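Position 1 is the first residue of the sequence, and the numbers go up from there. Just so you know, these numbers come straight off a predicted model, no measurement behind them.
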Amino acid sequence: MKKSILALVLSSLLFGCGGSDGESSSPEVDPELPPVVDPEIPPVVDPLPPVTGKLVLKNLNIENYKAIASFTNSGDSKYYGLSKVTVGISDDSSVEVVAPQYDLVTFDGVDSLECGSVPEFNIIRMDDMGDNWTLLYVQVPFSITDCEVDEYEFRYFISHPTLGVFEYPKGYAPTYSYPHYETGENGLIIMKPRTARNDRDNPFIVSDSTSEGRGIYQITLPKEGGEVPKLKLVVPNLNNNTYFVATFGLENSFTAIKDGYIYFLASQGVLQKIAIDTGRIIDTWQHEYVNAPFYFKGLMYVGIGGDNVVELLADGKFGVQLQLPTYSNSYYTSHIIDDRYIIGDRCAVSDMDTNTGIHLNYGGDGNGEVRVENNVVYCVGLSSDYTSPTKSMGAVSMKLGDVKPLQEVSLPNTNLVKESIRLRMPFINYESTENSVFETDTVSVNMITGEKFIETYYYDGEKVQDFIPIN
């Protein structure tokens, strides 16, 4: 009897109690189906590693906006560390914070930044360098910890629409001119490539160096991704050249580069010809009012007084005078276009092929702005009408080859206009109180079409400022 009971217990342990046929009570699982997960128990997901490292600006992402502007950070912790935040303004007048692109540099290498939101930045100024290159001064995030910005820095960058963004060479900072007496703006001191004052493919720019001081540098711009801008010192010790510093307002006519030589204003009344590769002084000219020369119809010319332009000869000598058809008392030649048009610093345009010219209004006394883009000359400054008891501020544009202006804008000569007016071809921008006596608005005038716009935009209820047209 005891043996029978023991056999029964062993049978139960071995085969269970699921039925007389000996099958298991567990359901069969199809190996091709995914495992069943209890919906009340979330799947275990490995957390992403904290994003920490240095940030490198790679793309501005502003090319699709008609303009950029900024709003003041009034203490929002989201923008902690930024004094202002750059926004983009679209054609439909919508406004949004610009989302730039960064690379993240860590001990493991360089990777794209992947955070829930992209750190903001503030574009403070933009200057044209020629050939679609732009120099920018930007407040950018420098480092992040766990996707939170912990440091911002002010840095210079060089940007190209297809090649991307490159940091200005470390240890150097571009130099800007003294503020223009008539407009209040200080310009980038640069000689753009392939002009009547620079026959090379690279710009020449004045920069300050922590090791070399202030000098004229040749800047080699990248040709493809992966390259970096490079600076080569050509003329040193500008810190001690008080005359050159005093004439920084003429930022687009401070020197000339031709056939491997640079013509440099060594001091007041002294012009030197220097070999770029060796730094050797080849020739020297002296005259009370001598200034930077220019190349015209195969010869080198230089101004030595109001509308007095003479040929520059070897051995420190001057040649015959170049007769200009327009009187304006211009001391500097601002631009030479197509080996035909000579444009003075008081907005006098001489067509040397037809021996005709015009002295446009708002050229002022040589302390305004004179620019040329797409064969249109733009001038901003005080009125050139010396018969008027009071001079107005304004701007004028004219297509080269025409005999009358495209557009002419007259503005009151107030401190508000003088300090705010900016030439952003083909626009001028200035601040105005024409809509309200309690606040100002930015006004834009298209100097090609004459269209006028009140550029009033808001982001999150706050009026944006520092308007800069892009497209």
N/O donor-acceptor pair under 3.5 Å between [X] side chain and [Y] backbone:
X	Y	result
Y102	P119	yes
S209	S211	yes
E369	Y378	no
H160	E224	no
S410	G394	no
D92	S94	yes
N202	Q218	no
D315	K317	no
W285	L313	yes
N198	I257	no

Step-by-step side-chain contact (heavy atoms from CB on, under 4.5 Å) determination, F453 to V443: CA-CA 6 Å; F453 310 91; V443 179; over 6 Å; no
Is there side-chain contact between [X] and [Y], with heavy atoms separated by less than 4.5 Å?
X	Y	result
Y168	L135	yes
L60	L136	yes
L188	I205	yes
E434	D441	no
V309	L324	yes
P229	P222	yes
T356	V403	no
V98	Y65	yes

Find the distance between [atom1] ([X]) and [atom2] ([Y]) and round it off to the nearest 0.5 Å.
X	Y	atom1	atom2	result
I470	R424	CD1	CZ	9.5 Å
L82	F121	CG	CZ	10.0 Å
I158	F166	CD1	CZ	9.0 Å
M126	Y137	CE	OH	16.0 Å
L271	Y263	CG	OH	8.5 Å
M352	I342	CE	CD1	4.5 Å

For [X] against [Y], the heavy-atom pair lying closest together:
X	Y	value
V290	G269	CG1-C, 3.4 Å
N122	S70	OD1-CB, 3.9 Å
F296	R340	CE1-N, 3.8 Å
V417	M393	CG1-CG, 3.9 Å

Verify the distance criterion only: is there a donor paired with an acceptor across the side chains of [X] and [Y] at less than 3.5 Å?
X	Y	answer
T333	Y301	no
S392	N413	no
N429	T442	no

Positive for side chain to side chain contact (heavy atoms under 4.5 Å, CB included) with Y430, one of T440, I421, L416: I421
Matching residue for L400 among D338, V376, I343 - test: side chain to side chain contact (heavy atoms under 4.5 Å, CB included): I343
Intermediate values then yes/no, side-chain contact (heavy atoms from CB on, under 4.5 Å), V302 and N291: CA-CA 6 Å; V302 67; N291 56 64; 4.3 Å; yes
Mutual orientation of the aromatic rings belonging to H287 and Y289 [parallel < 30°, tilted 30-60°, perpendicular > 60°]: tilted
Stepwise side-chain contact (heavy atoms from CB on, under 4.5 Å) check, V409 with K452: CA-CA 10 Å; V409 177; K452 179 180 176 180; over 6 Å; no
Ring pair (Phe, Tyr, Trp, His ring centres under 6.0 Å) against Y459, all qualifying residues, sequence neighbours excluded: F71
Heavy-atom neighbours of K230 NZ exceed 12 at 6.0 Å: no
Enclosure of F142 CZ (heavy-atom neighbours >12, cutoff 6.0 Å): yes
Contact list for residues 188-227, test ring pair (Phe, Tyr, Trp, His ring centres under 6.0 Å), sequence neighbours left out: Y172-Y217
Any salt bridge between [X] and [Y], counting N to O under 4.0 Å?
X	Y	result
D353	K297	yes
R371	E373	no
D277	K232	yes

Option among D128, D131, D199 that satisfies the salt bridge (Lys or Arg N to Asp or Glu O under 4.0 Å) test with K192: D128
Full working for side-chain contact (heavy atoms from CB on, under 4.5 Å) between S93 and K66: CA-CA 9 Å; S93 297; K66 74 171 185 179; 4.3 Å; yes
